[in-house]
Structures are given as C-alpha cells and as structure tokens.
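Encoded as structure tokens, the structure appears first; notes follow it.
When reading the values below, keep in mind they use all heavy atoms of this one structure, side chains included, and skip hydrogens, waters and symmetry mates. Values in this document were obtained by computation on a predicted structure and should not be read as measured data.
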2 protein chains.
Amino acid sequence: MNLPPLIQAFVLHFGEMGSRWGINRTVGQVYAVIFLANRPVCADDLVDAVGVARSNVAMALKELQSWELIRLKHVAGERRDFYVTLDDIWAIVRKLVEQRKRREIDPTLTVLRELLMQSPASEEERFAQERMQEMHGVIELLTGWYDDIERLETERLVQLLSLGAKIVKALDWKDKLFVAKGGRGKSKTSGEGDAGPERS
Amino acid sequence: MNLPPLIQAFVLHFGEMGSRWGINRTVGQVYAVIFLANRPVCADDLVDAVGVARSNVAMALKELQSWELIRLKHVAGERRDFYVTLDDIWAIVRKLVEQRKRREIDPTLTVLRELLMQSPASEEERFAQERMQEMHGVIELLTGWYDDIERLETERLVQLLSLGAKIVKALDWKDKLFVAKGGRGKSKTSGEGDAGPERS
DNA sequence: CTGGATTTTCAGAATTTTCTGAAATAACAG
DNA sequence: CTGTTATTTCAGAAAATTCTGAAAATCCAG
C-alpha cells in the first residue's frame, strides 16, 4: 500500500469497516481511494494504492459498479478504464440508502407479503402472522416515508434535517389553526391532505 | 428444524438474510423464532426449532443480547433461561437503528474527526480532507437529526412518518407567514427556533 | 456439601468468503 | 490481421467465519 498517511489512514479504516457494512475489505479500500482522489482512478492506481492482486481490484470495481457507487470516466489519451465516485455527497447517501433498502429490506417485504396471504393453521401460526403483520406495517411506513422524502431536492432535504424535532413543534402549531381533518396515519392529527395522493 | 410451515418459512428467510444484515444465519433464525413465538423461548426450544448445536444457540443468544434485541424473561417454575424480544415493534426499530449507528457509523465519525484535525501535507491530502469534511458534515446532519427524532414518542413519530413529504408543504406554508429568521442548517428558511437549544 | 440440571467456553472441524495467479477474452493501434 | 495492452474469468489457495461436541463452569435444590 502506497498512499499519503492521511489518505492511508482513511482507506485502512474503510477496509476494516467493510465487513460491518456488508462489503469486503478490498471493496471498502478501493472505494475509499476513489472517493478521496482528486482525479479519476484506474485499476493500476488501485493495485498500487491498495496492494492487492489486479483480479481482486477488478472484482471490487465490479461490485462497486453493481452498487452504482462508481462510474466509468474516460480520460483523454488513455486506453485504460478510469473510475470516479458520484460527485455529490448527497447523491452518494441517496444511492446508499436506495441500495441497502433494495438488498436488505425489499426481499423481506416480499416474503412477508407472501406469508401474510396464507391462512394460519393453528393458534401458534395465527400469532406469528400477527407479528409479521406488525413488521410489515412498520416497514411499509418507513419505506413509504423514505420514498416520499427521497424525491425532495437536496436543499429541501437539508432544510428538513436541520430542523430536526422542531418540525413537531411546527405541526403542533399548525394543529392549533387547522383542527384535525384526518390523514393516512393512525393518529388523530395530520396534515390537511392537499399535497398529493395517499400512498397504497 | 421442527416448526409449523408458515413460521419455518419466515425463520429460513431470516437465516438467509442474516449475512446481509451483518449477523449470521443462526443468529437470524434464532431471532426469528423468538420474535414469532407467543411465549418466552428457551435454549432447548431453539435447538429443536432451528436444529443446530446447543453451543451455537448459546452463541446466538449472547450475540442477540449484545444487540439488546432480546431479554431474559423468567418463567414460573422453570430453572432454564427463557427469552423474549422487545415487546413493541417500534422499540425494536429504535434499537436496531441505535445499534447499527453505534456499530456502522460512530467508529467512522471518530476516525473522521481525528483525520480532520491533522494538517494536510500536500494538495492531494488537502483535497482528500475536503472530501472527508463533506462526509463528516453529512453524517453529523443525519445522526443529529435522528438523535432529535428518536426522542419523540411513538405516536408522534408515526404521525410524522405518515405525513411523509407533505411536511414540506407545511413548511412552505409556514414560511409564508413567518419570514425566515435563520436556523442551524445552511438553508435560508427554518423553524422559528423556539423548540430548544441548537445542536453543537 | 453433593448431585443433577443448565449454561458457557473453546479447540478444532466444516463451511463460506476472499484473494491470487494464470489463462482467456476483449479492445484497439498499426 | 498481428501484436500489444487492458480487463475479466475462474480454479484453487488462503483466510475468516461459523459450527460442533466435549469439557468446564455455574447454579441451585435438597
């Protein structure tokens, strides 16, 4: 491994975290190098920077492309493939959430829907299905909320995040003017419902 | 493995997903069994249900306790240890987010803070540090937002999630009455700032 | 104490994942 | 075409993780 100390420290950390994040060490390190580079990076650079076999770098690049976290970027006068990360940090966050949702949540949602269609054959199964229903409801609520939020432009998103829990104060305050008219949640207070169709 | 078909299907799915979720198959299956059970579950039950060695069950239980996803629950007239999951599904979600944040984000935040203290020794390092700064900023914003949100009671949280992006409409609308008075984010519009102290 | 029931620990086996080096394939300039 | 450069594939090696069975430790009733 052949990198300036500051960069190397970050790259090594990403390697260590890799397994916790569901990628492997090499994938983590390769991503870190590309993320920190101020120019497109090619496989040779990565072999040099990370110090693993070229074939391993190739695998890592394939994996990162399957996550859509890196893109090919051709460099003038070069035959080799060069890569860059998504330019905007918020685009990266959105992609990460999207992909992890796809890999870690969607399959379970599918299974839950299947199993909730079946009729329980015993009290034991009936109770189990009740639990599955709870889980399904929570996942639907959370992913539905995110589907809504992800469509916001970044500026708006940052605004919302900056507000934090103050948003609730805002809601309180609104409730004082517009008395509850119902909504899609279970609670008795909600928005006035003029901002688009209900979710499924 | 010895379970009713509906339950078995769910348990097997949790086992398969385990590796994507950063736990192993047995831990996933053991959790699923306890989650779906309508009574506290002991190690013997789990050996029977999941069909792995008792020692493996013991490891899985330890792991799940380290996540604080299961609790010991003594059963009248039994010497053996029985376990239950957190009762409320929202408590489970909160715990999951808390733990994954602790394991997957906090270590990186620490490293970022360390590396951002150092002075870059080259243009390459200066640029890298800029990227680290972006990453640090995003993580702080997201985790700060969550710290705020997690304090809400569940009813309020569900209300907020149900609103989805409508919340933004509400903000728009508020802005029309109260012209921007600043806030903690970068954006020019924010809450009225009467909901507690600013975050660091 | 003692003895049985239960849980925990841990060394090594089994399995899975990651990594390598070599060969195959592809891309392209001349 | 042909030769060179670059990328991909893949079988097996290496490493890491998971799992087991046996032994040790713990717990508790009598």
Share the residues that join Phe82(B) in a hydrophobic cluster, the rule being Ile, Leu, Val, Met, Phe, Trp or Tyr side chains under 4.5 Å apart at the heavy-atom level.
Val75(B)

Looking at Arg126(B) and Glu123(B), is there a salt bridge between them, counting it only when a charged N and a carboxylate O are closer than 4.0 Å?
yes

Sequence neighbours left out, what passes ring-ring contact (aromatic ring centres under 6.0 Å, His included) with Trp21(B)? Give chain and number order.
Phe14(B)

Salt bridge or not between Arg103(B) and Glu98(B)? Use side-chain N to carboxylate O under 4.0 Å.
no

Set of salt bridge (charged side-chain N to carboxylate O under 4.0 Å, His left out) partners for Arg113(B), sequence neighbours left out
Glu140(B)

Scan residues 22-34 of chain B against DNA chain D and write down, sorted by residue number, each residue with any heavy atom closer than 4.0 Å; if none is found, say none.
Asn24(B), Arg25(B), Thr26(B)

DNA chain C-proximal residues of residues 43-56 of chain A, any heavy atom under 4.0 Å
Val52(A), Ala53(A), Ser55(A), Asn56(A)

Pairs in or reaching into residues 34-58 of chain A: which pass salt bridge (Lys or Arg N to Asp or Glu O under 4.0 Å), with residues at least two apart or in two chains?
Arg39(A)-Asp45(A), Asp44(A)-Arg54(A), Asp44(A)-Arg80(A)

Taking only residues at least two apart or on different chains, which pairs with a member in residues 61-70 of chain B satisfy salt bridge (Lys or Arg N to Asp or Glu O under 4.0 Å)?
Glu68(B)-Lys95(B)

Using the salt bridge (Lys or Arg N to Asp or Glu O under 4.0 Å) rule, collect all pairs that involve residues 6-19 of chain B, keeping only residues at least two apart or in two chains.
none

Sorted by number, residues from residues 72-86 of chain B placing a heavy atom under 4.0 Å from DNA chain D are Arg79(B)

Reading DNA chain D 5' to 3', which nucleotide is the first, and which the last, to come under 4.0 Å of any heavy atom in chain A?
dT5(D) to dC10(D)

Does the side chain of Leu3(A) come within less than 4.5 Å of Val33(A)'s, by heavy atoms?
yes

For Met59(B), the other hydrophobic cluster members (4.5 Å side-chain criterion, sorted by chain and number) are none

Quick check on DNA chain D: between Lys62(A) and Ser19(A), whose nearest nucleotide comes earlier from the 5' end?
Lys62(A)

Criterion salt bridge (charged side-chain N to carboxylate O under 4.0 Å, His left out) on Arg131(B) and Glu134(B), from CA distance to verdict
CA-CA 5 Å; Arg131(B) 286 292 259 175; Glu134(B) 285 177 50; 3.6 Å; yes

Could you list the residues that satisfy salt bridge (charged side-chain N to carboxylate O under 4.0 Å, His left out) with Glu114(B), not counting sequence neighbours?
none

